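Here's the structure, in structure tokens; my notes come after.
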Amino acid sequence: MRILVVGGGTGGTILANNLTRRLAGEVRAGKIRITMLSDSDRHMYQPGLLYVAFGQMTPDQLYRDQASMLESSIAFHVDAVTEFHFDKNQVKTKSGKTHEYDILAIATGARIVPQEVPGLSEGSENFFTEEGAVRLHKRLMEFQGGTVAMTVSIPHKCPVAPVEAMFMLHDFFKARGIRDKVKLRYHYPTNRVHATSNVAQWAKPEFDRAGIEYETLFNLKEVDPVNKIVYSEEGSAVKYDLLIAIPPHRGSEIAEKNNLGQAGWIPTDRFKLTMNGHDNVYVIGDATNIPVSKTGSAAHFEAEVVAENIASVIKTGTPVREYDGKVYCFIEAGYDRATYNAFDYVNLPVLKPPSKAIHWFKVAYNQMYWTTVRGLL
Amino acid sequence: MSQVKIVDACNTFCPGPLMELISNMKQASVGDVLELLSTDEGSVNDVPEWVNKVGHELVSSQNIDGIWHIKIRKTK
């Protein structure tokens with residue numbers, strides 16, 4: 001039996017490793033072969049980009065060689081998939097090879113598309129790529145005062161990132177001794193400071209305490225990078241000196257080119273995590289269209305469910321459980337405090353007061369991630 | 001030609017029903033009707049508030065067996 005994992009990010013890597021361990025006997029006996037195809041020989045810890053923007057991590061700390069993250073029996077190829085042929089159980093790759101499979105897992109992630117908003121690429125900074133985070137850090141270090149505005153476009157990865165970034169901006173400028181010269185303005189698409197009501201209830205008084213101004217029901221329409229003004233769909237116009245954008249996202253380019261789903265989000269059963277209409281194709285992480293956060297945490301828990309189910313179906317003919325929507329996200333509340341957001345399809349998140357202990361656990365997790373992705377934690 | 005698209009956001013908290021609706025609205029064409037399914041009571045007020053502010057059209061809002069069915073027409 002051939003199991004093919006397309007994508008070497010958090011979800012794909014955890015899935016491949018977890019599955020290889022569960023099927024160690026079958027793999028050793030040559031009954032099962034697990035292959036991973038990725039477009040990169042490196043693995044990036046994406047949550048670290050926020051810390052790069054604030055000078056608390058350097059880009060080299062975000063990467064490991066992908067091959068070193070994988071169980072040795074996994075056949076790993078740096079050869080991006082270009083075509084999916086579900087009717088033939090085949091994919092084609094950039095090098096021109098064809099890979100056949102019995103079970104396919106798609107974990108091709110998401111990408112930012114700032115070009116969807118007129119003026120956004122030219123007028124803003126962001127922390128969703130290495131280059132972007134490095135450039136933003138430089139801009140923040142050079143900033144001497146004025147208005148720092150954040151706009152949030154949707155959909156986007158990591159729903160709590162905008163809130164975290166605002167608290168970190170507050171502490172960053174405080175540490176530089178110029179907080180009194182900086183106006184922090186936050187703009188959010190829904191009618192609260194965060195889409196999740198309990199996160200909003202916690203964050204609003206924290207914003208008030210930190211002197212962070214906010215405007216809700218602000219859906220970014222366009223940016224005038226010459227006059228430094230952002231315009232909303234709702235009719236607002238806001239002047240800025242430095243614009244930090246949470247850019248809109250789409251599914252991977254390969255998903256979009258193969259018409260796997262609207263805007264590249266692949267239609268997926270939210271419980272089974274199978275691609276709609278294809279029982280032998282699983283989709284995990286940011287690539288799905290299911291209504292959960294696009295985070296490494298969701299990808300992690302989804303990967304575990306899929307690994308358990310594939311292994312169980314091979315061994316017993318029956319899957320063991322469904323994905324329950326579980327997500328656990330740390331939320332940095334500044335330089336030395338954090339809380340967390342844990343929820344599933346049934347239970348609303350209940351936020352605890354931020355503490356230093358949770359912040360230091362997050363800092364530790366920034367290193368522990370490398371054990372998670374190996375499927376050990 | 002306009003069409004009705006279902007946005008099933010039942011039992012979701014993060015990013016939540018309104019964010020799912022706005023994301024889907026971005027992909028829709030003018031004249032399309034989206035039907036949001038939500039189990040979040042807050043949607044009953046949140047969605048009309050956003051629709052009125054942006055200027056889309058609220059077609060209908062009703063609770064059927066504990067699920068809110070809120071239809072919105074994209075106007076611009």
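Residue numbers begin at 1 in each chain, while the letters A, B, ... track the order of the sequences. Computed from a predicted structure; not experimentally measured.
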Most contact-rich option vs chain B, by heavy-atom pairs under 4.5 angstrom, among A:Cys329, A:Pro291, A:Gly325, A:Ala298, is A:Pro291

Heavy-atom pairs under 4.5 Å with chain B - which of A:Pro159, A:Ser153, A:Pro349, A:Pro155 has more of them than the others? A:Pro155

Output the option from B:Val54, B:Ile22, B:Asp40, B:Asn45 having the highest count of non-hydrogen pairs under 4.5 Å with chain A. B:Ile22

Chain A interface, residue from B:Gly55, B:Cys14, B:Cys10 that has the most non-hydrogen pairs under 4.5 Å: B:Cys14

Chain B contact via [X] - which portion, at a heavy-atom distance below 4.5 Å:
X        : result
A:Glu234 : both
A:Asn341 : side chain
A:Tyr188 : side chain
A:Thr190 : both
A:Tyr345 : both

Say whether, by atom type as modelled, one donor and one acceptor occur between the side chain of [X] and the main chain of [Y] under 3.5 angstrom.
X        : Y        : value
A:Glu233 : A:Lys221 : no
B:Lys26  : A:Pro248 : no
A:Asn219 : A:Pro189 : yes

Is the shortest side-chain N to carboxylate O distance from [X] to [Y] below 4.0 Å?
X        : Y        : answer
A:Arg337 : A:Glu332 : no
A:Glu256 : A:Arg111 : yes
A:Arg270 : B:Asp8   : yes

Select one option (side chain, backbone, both, neither) describing which atoms of B:Glu20 are under 4.5 Å from chain A's heavy atoms. side chain

Under a 4.5 Å cut-off applied to non-hydrogen side-chain atoms, are A:Leu217 and B:Glu49 in contact? yes

